[in-house]
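Worksheet: one structure, shown below.
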Amino acid sequence: MKKKTVLIIAFIFSFALGLAGCDSSSLGIVANEDGNIEIIAENADKDMTGTTGTFTLGEGDDVQIEPAFEEGKVLVQFYPIDAAEDPEAEAEDLMPQGEPEFEVEVSGTEPIECGFAAGDYLVSATVLEKANGTAVISLITAEEKDPWTKVSSGAEAARGAGNMEDFEVPQQLKINDLTFSDPTYSYLDGVAQAYYESGAIGIYVRKACGIYGGPMTDRDLDSFPQHWTQQVGDDVDDVVDCYGMEKDSAIVIQWGDAEEFYTVTSQGLGGEEYGMDATTVSWLEDIID
């Protein structure tokens, strides 16, 4: 897994005495305990600036800025560091050069996500309007955005998940009046996944083995007002747990034991929820292996 790299080699404060001689104005850039960049503005006056480096953005990574400003606005700029520059140079010798690769005005409390070219950057903060508050700059790695490893078949997903003999799902699913075809496959350590999409509905099928201890669905099961079980075989233990907004219209179904466990989740992609009726639940439990 890619390692986050955020090295802080500058801590710049600018101070200005207030008219009463007791108020101060400061803008600082520090490394917080999580290793992220934090901009701290205390009565920071317009045009105050600070710079720090090196901030490393990996291929596929994004940048997240989480502001908490009571007032004011700060311009954050990311300047590429020339590979020819001396890596041992002191902070004060590293100055922004040329045009920034990316810049954004930061204010208020609304988080900002942005992406630009991978590389090493100096980060510069300039006060645009008298500011009080903080902003934390961190990485969202490619793995964090999509931790699933994509593969071309259910068998590959089973091998990647580990401790799983196979993962078999139908090439085509018919759920109520929608047909889902050509699933894509992926895996995490301990769980294999097949994903289908039709119109504004996605269907996630997951199989887990004993080594997996994470959630089997991205839906919040506690948010569903209805939870019921459906008998699907002759044995008293042959039951499927169903969750939904109303009975006989399941959004999430789960079954299995400690060694092999299965979940099918219906996910609306901007449209209405799409539930699975009792006949569909029985068929899915029988066809998925």
Does [Y] offer a backbone N or O that forms a donor-acceptor pair with the side chain of [X] under 3.5 Å?
X	Y	answer
Ser198	Thr179	yes
Asn176	Gly275	yes
Ser223	Asp220	yes
Asn132	Asn43	yes
Thr149	Ser186	no

**Report entry** From CA spacing to verdict: side-chain contact (heavy atoms from CB on, under 4.5 Å), Arg206, Asp218
**Finding:** CA-CA 11 Å; Arg206 293 178 181 173; Asp218 296 332; 3.1 Å; yes
If Ile, Leu, Val, Met, Phe, Trp and Tyr residues are connected whenever their side-chain heavy atoms lie under 4.5 Å apart, and connections chain through other members, are [X] and [Y] in the same group?
X	Y	answer
Val240	Ile287	yes
Val252	Trp228	no
Met276	Leu178	yes
Met164	Met216	no
Phe102	Ile137	yes

What's the separation between atom [atom1] in [X] and atom [atom2] in [Y], rounded to the nearest 0.5 Å?
X	Y	atom1	atom2	answer
Leu27	Ser25	CG	OG	8.5 Å
Asp238	Glu285	CG	CD	6.5 Å
Ser153	Glu168	OG	CD	10.5 Å
Tyr196	Ile201	OH	CD1	15.5 Å
Phe55	Phe78	CZ	CZ	5.5 Å
Tyr262	Asp257	OH	CG	8.5 Å

Requested in this report: Check each of Ile203, Ile175, Leu269 against Tyr274 using the side-chain contact (heavy atoms from CB on, under 4.5 Å) test, and report the only one that passes.
Outcome: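 Of the listed residues Ile203, Ile175, Leu269, the side-chain contact (heavy atoms from CB on, under 4.5 Å) partner of Tyr274 is Ile175.
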Query raised in the report: With Tyr243, which of Leu221, Thr265, Ile251 fulfils side-chain contact (heavy atoms from CB on, under 4.5 Å)?
Result: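 Option passing the side-chain contact (heavy atoms from CB on, under 4.5 Å) with Tyr243: Leu221.
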Heavy-atom side-chain proximity of [X] to [Y] below 4.5 angstrom:
X	Y	answer
Gln171	Pro183	yes
Val205	Leu284	no
Leu173	Trp283	yes
Trp148	Leu188	yes
Glu103	Leu75	yes
Ile211	Asp189	yes

Query - Phe224: partners by ring pair (Phe, Tyr, Trp, His ring centres under 6.0 Å), with sequence neighbours left out - result: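 None.
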Query raised in the report: For Gln230 and Ser282, what are the C-alpha separation, side-chain angles and deciding distance, and is it a side-chain hydrogen bond (donor to acceptor under 3.5 Å, both in side chains)?
Result: CA-CA 8 Å; Gln230 179 177 324; Ser282 294; 2.9 Å; yes
Closest approach of [X] and [Y], non-hydrogen atoms and distance?
X	Y	value
Ile39	Val76	CD1-CG2, 3.8 Å
Leu139	Glu144	O-OE1, 3.6 Å
Gly162	Cys209	O-SG, 3.0 Å
Gln226	Glu246	CG-CA, 3.7 Å
Pro170	Ile288	CD-CG1, 4.5 Å
Gly115	Asp62	CA-OD1, 3.5 Å

Query - Proximity of Phe167 and Tyr187 rings by center, below 6.0 Å - result: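 Ring centres of Tyr187 and Phe167 not closer than 6.0 Å.
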Query - Chi angles and distances behind the side-chain contact (heavy atoms from CB on, under 4.5 Å) call for Val106, Ile112 - result: CA-CA 8 Å; Val106 179; Ile112 300 168; 4.2 Å; yes
Report task. Starting from the C-alpha separation in whole Å, work towards a yes-or-no answer on side-chain contact (heavy atoms from CB on, under 4.5 Å) for Leu57 and Val63. Result -> CA-CA 8 Å; Leu57 185 65; Val63 174; 3.7 Å; yes
Query raised in the report: Counting heavy atoms not belonging to Gln172, are there more than 12 under 6.0 Å from its CD?
Result: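 Yes, the 6.0 Å shell around CD holds more than 12 heavy atoms from other groups.
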Report task. Apply salt bridge (charged side-chain N to carboxylate O under 4.0 Å, His left out) to Asp120 and list each qualifying residue two or more places apart in sequence or on a separate chain. Result ->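 Result, salt bridge (charged side-chain N to carboxylate O under 4.0 Å, His left out) vs Asp120: none returned.
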So, [X] versus [Y]: side-chain donor-acceptor pair below 3.5 Å or not?
X	Y	result
Tyr195	Gln193	no
Ser24	Glu42	no
Asp241	Gln254	no

**Report entry** Residues Lys207 and Glu260 bridged, charged N to O under 4.0 Å
**Finding:**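 So Lys207 pairs with Glu260 through a salt bridge.
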**Report entry** Trace of the side-chain contact (heavy atoms from CB on, under 4.5 Å) decision for Tyr204 with Thr217
**Finding:** CA-CA 8 Å; Tyr204 293 86; Thr217 177; over 6 Å; no
